[in-house]
2 protein chains.
Amino acid sequence: MANIQKVAKKAGVSVATVSRVLNNPDVVTLKTRTKVEQAIHELNYEPSALGRNLRTSRSRLLLVLLPSISNPFYTEIINGIEDTAIEEGYNILLCETDSNPERENIYFNMVKNRLAEGIISMDPTVNKKTLTDLAKDYPIVQCSEYDEDGTICYVSIDNELAAYHAVRHLIKLGHEKIALINSDEKFLYARERYRGFQKAMEEFELPIRPEWILNMENVKFEDGQQAMKGLLKQEVRPTAVFAVSDVLAIGALKELNINQIRVPEDIALVGFDKIVFSNMTHPTLTTISQPMYKMGSISANMLINKIKGKAVESVILEHELVIREST
Amino acid sequence: MANIQKVAKKAGVSVATVSRVLNNPDVVTLKTRTKVEQAIHELNYEPSALGRNLRTSRSRLLLVLLPSISNPFYTEIINGIEDTAIEEGYNILLCETDSNPERENIYFNMVKNRLAEGIISMDPTVNKKTLTDLAKDYPIVQCSEYDEDGTICYVSIDNELAAYHAVRHLIKLGHEKIALINSDEKFLYARERYRGFQKAMEEFELPIRPEWILNMENVKFEDGQQAMKGLLKQEVRPTAVFAVSDVLAIGALKELNINQIRVPEDIALVGFDKIVFSNMTHPTLTTISQPMYKMGSISANMLINKIKGKAVESVILEHELVIREST
DNA sequence: TAAACAAATGTAATCGATTTCAATATTAAT
DNA sequence: ATTAATATTGAAATCGATTACATTTGTTTA
């Protein structure tokens with residue numbers, strides 16, 4: 001493989017000149033520049049990013065931590081991150097952590113040992129302590145997730161308000177018996193969305209029945225289905241269900257379909273996230289839309305600014321209630 | 001940031017010894033080793049991967065090229081790749097190309113300039129010429145896709161046979177009027193699956209109606225929905241539809257649901273890929289299952305062997321017809 | 001034409017590790 | 001106790017680029 005020495009020799013110049021042709025072409029005369037370019041071309045030379053990065057200590061690589069790429073919620077965010085990153089001359093590395101601390105560590109080490117310049121974390125299960133410690137020395141931002149202590153910058157929505165809007169929508173449609181399919185309360189967003197639910201119910205003086213509050217360990221389709229199974233078994237059934245993610249809602253909808261329960265006539269359903277699938281179900285799903293692309297692009301910008309040493313501030317973005325057939 | 005020199009100085013040894021403690025601890029005495037480990041710990045030292053890789057010219061990074069992470073088809077494959085890669089001491093970088101040659105080039109350059117050691121390509125739209133050229137100098141394998149000229153190693157299934165099985169299944173159920181929702185014939189798999197369709201139809205002496213062969217430009221939900229719209233408009237409607245991907249099938253199913261056409265009573269439907277969502281539709285989707293995890297893990301193994309300089313051979317894996325409610 | 005200055009190029013240090021080879025310390029054998 | 005053999009350690013070269021500084025070349029100006 002050709003290196004800069006060979007190019008220099010072939011072109012009859014010094015390595016410094018070759019480097020200049022690569023990085024600062026204006027300062028070298030047209031004549032030598034063409035000579036060098038010729039040599040580069042003939043040797044099929046590609047500068048080694050390793051050598052370059054070692055010297056400049058910049059890899060132009062950003063890590064994006066997410067628990068699982070199979071969760072469609074992340075795809076739009078990633079598009080936003082990627083477009084912005086590329087625009088700024090960075091590439092991104094998608095890191096699936098599977099919520100596994102060992103795997104997280106691999107990626108944390110990549111930034112520690114300079115293979116990457118910063119991290120955008122979207123993993124709600126990531127070890128907060130490790131992340132906070134790391135954030136002291138390295139550029140890190142959080143996207144859609146955040147810590148309550150707030151030492152790490154983030155971009156997110158107002159989960160409580162969004163959940164409040166979803167539930168208020170159901171109440172305004174006349175529902176009084178409303179169930180909540182939530183994820184595990186160890187997640188901040190789960191606690192926040194519960195508070196939104198609670199707020200709406202209290203505001204309209206509706207009772208919250210503990211047996212209608214379901215906290216699922218995971219947020220896969222099956223969990224939503226399982227949750228709905230649990231609800232349907234009860235003597236008194238709710239007339240409306242708010243699921244804190246579309247994936248859960250779609251699982252729940254599946255169970256409703258199986259039991260030939262009409263949606264929204266018998267039971268209305270609201271999801272959260274507005275993933276692509278949510279428009280492919282029958283009926284289509286009413287849901288809360290997060291500005292995912294924007295969240296991604298803002299978080300990428302935040303991180304790049306942090307890398308550049310600029311001061312950055314956390315951002316809360318607007319959400320939107322998307323009313324479709326399921327309510 | 002601490003480097004190996006500082007550690008050496010602090011421990012009162014040479015940098016060579018520090019390096020040995022890191023990479024070959026057995027050759028250094030317990031006494032000096034503990035001294036060095038102490039220093040490493042105190043300085044919070046992390047060896048720079050850049051320096052190390054430059055010297056060893058190994059980055060232990062693999063690129064995985066895919067058109068779009070939002071396509072659920074890839075998620076299981078990626079899990080297979082990732083598990084195998086990590087087991088072998090490699091990390092993977094997911095590269096979304098958006099079928100954009102410019103973006104492809106960014107990633108090709110990463111292996112050219114040694115940031116990554118090899119590529120697993122799952123992108124059917126990738127520039128074959130570029131990829132073939134690159135494969136001459138760098139380790140590259142294809143997964144689920146392949147070239148007919150066969151210069152690049154691949155792991156895939158027998159698309160023609162799989163499609164044949166799907167269509168034969170419909171025929172055995174008594175269907176004679178069968179439509180095909182295909183993707184663009186520029187893709188090899190599209191041509192192969194068409195041949196399987198053709199073979200089954202000819203074997204059972206059923207006519208192939210050109211107006212029932214739909215080639216969609218993309219393979220998103222909307223394309224499937226659009227295709228079904230086109231089929232329903234025709235004077236004579238098919239009684240069964242084979243879609244070459246679950247995503248297309250789910251879009252088609254959506255349109256059937258909208259028009260209150262019963263599945264499978266009025267129209268039966270078969271998909272392809274067995275994505276997770278195919279079991280969440282109503283009715284659940286009959287589909288062809290590919291051994292996705294295995295495909296991923298085999299392709300990762302192939303690539304790593306190639307990197308190690310071993311000879312590798314292409315592999316064709318078994319598929320399976322999964323009969324569910326839609327037929 | 002020579003001096004003064006600017007532009008172009010080259011030399012060599014540098015980034016942070018690994019690794020060969022030489023030097024030294026330790027152990028074993030006589 | 002001396003030598004031979006072996007185990008540890010260190011000095012310095014190396015990977016492939018960038019870049020400060022030195023040197024050469026070219027251009028202006030008096």
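The shown structure was predicted, so the numbers you read here are calculated from the model rather than taken from an experiment. Just so it is clear: chains get the letters A, B, ... in the order the sequence lines come, proteins before strands, and each one is counted from 1.
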Legend entry - Approximate separation, where rounding is to 0.5 Å, of B/E82 CD and A/L94 CG: 10.0 Å

Inset, instruction - Flag yes if more than 12 heavy atoms outside B/N44 fall under 6.0 Å of its CG atom; otherwise flag no. - result: no

Inset, instruction - Establish, with yes or no, whether the OP1 or OP2 oxygen of C/dA8 is under 4.0 angstrom from a side-chain nitrogen or oxygen of A/T29. - result: no

Polar atom pairs (N or O), protein with nucleotides 24-28 of chain C, under 3.5 Å:
none

Inset, instruction - Return the 5'-most residue of the pair A/V28, A/V15 with respect to DNA chain C, ranking by each residue's nearest nucleotide. - result: A/V28

Inset, instruction - May I ask you to say what A/N23 touches in the nucleic acid, namely base, sugar-phosphate or nothing, with a heavy-atom cut-off under 4.0 Å? - result: sugar-phosphate

Legend entry - Distance in Å, A/E117 CD paired with A/Y90 OH, rounded so as to fall on 0.5 Å steps: 4.5 Å

Inset, instruction - Take the protein atom NZ of B/K112 and the nucleotide atom P of D/dG16, then report the distance between them rounded to whole Å. - result: 18 Å

Legend entry - Atom pair distance, as rounded to whole Å: CG in B/N3 and P in C/dT14: 13 Å

Legend entry - B/L54 CG - D/dT18 C1' separation (whole Å): 12 Å

Legend entry - Nearest-angstrom distance from the residue atom CZ of A/R33 to P of C/dT9: 10 Å

Inset, instruction - Between B/D26 and A/L22, name the one whose nearest nucleotide on DNA chain D is closer to the 5' end. - result: B/D26

Inset, instruction - May I ask you to evaluate whether B/T32 reaches the phosphate of D/dT8, defined as a side-chain N or O under 4.0 Å from OP1 or OP2? - result: no

Inset, instruction - Would you classify A/V13 as touching base, sugar-phosphate or nothing, given that sugar-phosphate means primed atoms plus P, OP1 and OP2, and contacts are heavy atoms under 4.0 Å? - result: sugar-phosphate

Inset, instruction - Examine C/dG16: is either OP1 or OP2 under 4.0 Å from a nitrogen or oxygen in the side chain of B/S48? Give yes or no. - result: no

Inset, instruction - Pick base, sugar-phosphate or nothing for B/S57, based on heavy-atom distances below 4.0 Å to the nucleic acid. - result: nothing

Inset, instruction - Answer with yes or no whether B/R55 presents, from its side chain, a donor or acceptor under 3.5 Å of a partner atom in the base of D/dG16. - result: no

Inset, instruction - Let me know the distance between CZ of B/R52 and C1' of D/dC15, rounded to the nearest Å. - result: 14 Å

Inset, instruction - Go through C/dA17, D/dT19, C/dT9 for me and flag the one nearest to the B/I4 side chain. - result: C/dA17

Legend entry - Whether over 12 other heavy atoms sit under 6.0 Å from B/K35 NZ: yes

Legend entry - Over 12 non-hydrogen atoms of neighbours within 6.0 angstrom of NZ in A/K128: yes

Inset, instruction - Report which part of the nucleic acid A/R114 touches: base, sugar-phosphate, or nothing (heavy-atom distance under 4.0 Å, all strands). - result: nothing

Legend entry - Contact under 4.0 Å: A/T56 side-chain N or O vs C/dC15 OP1/OP2: no

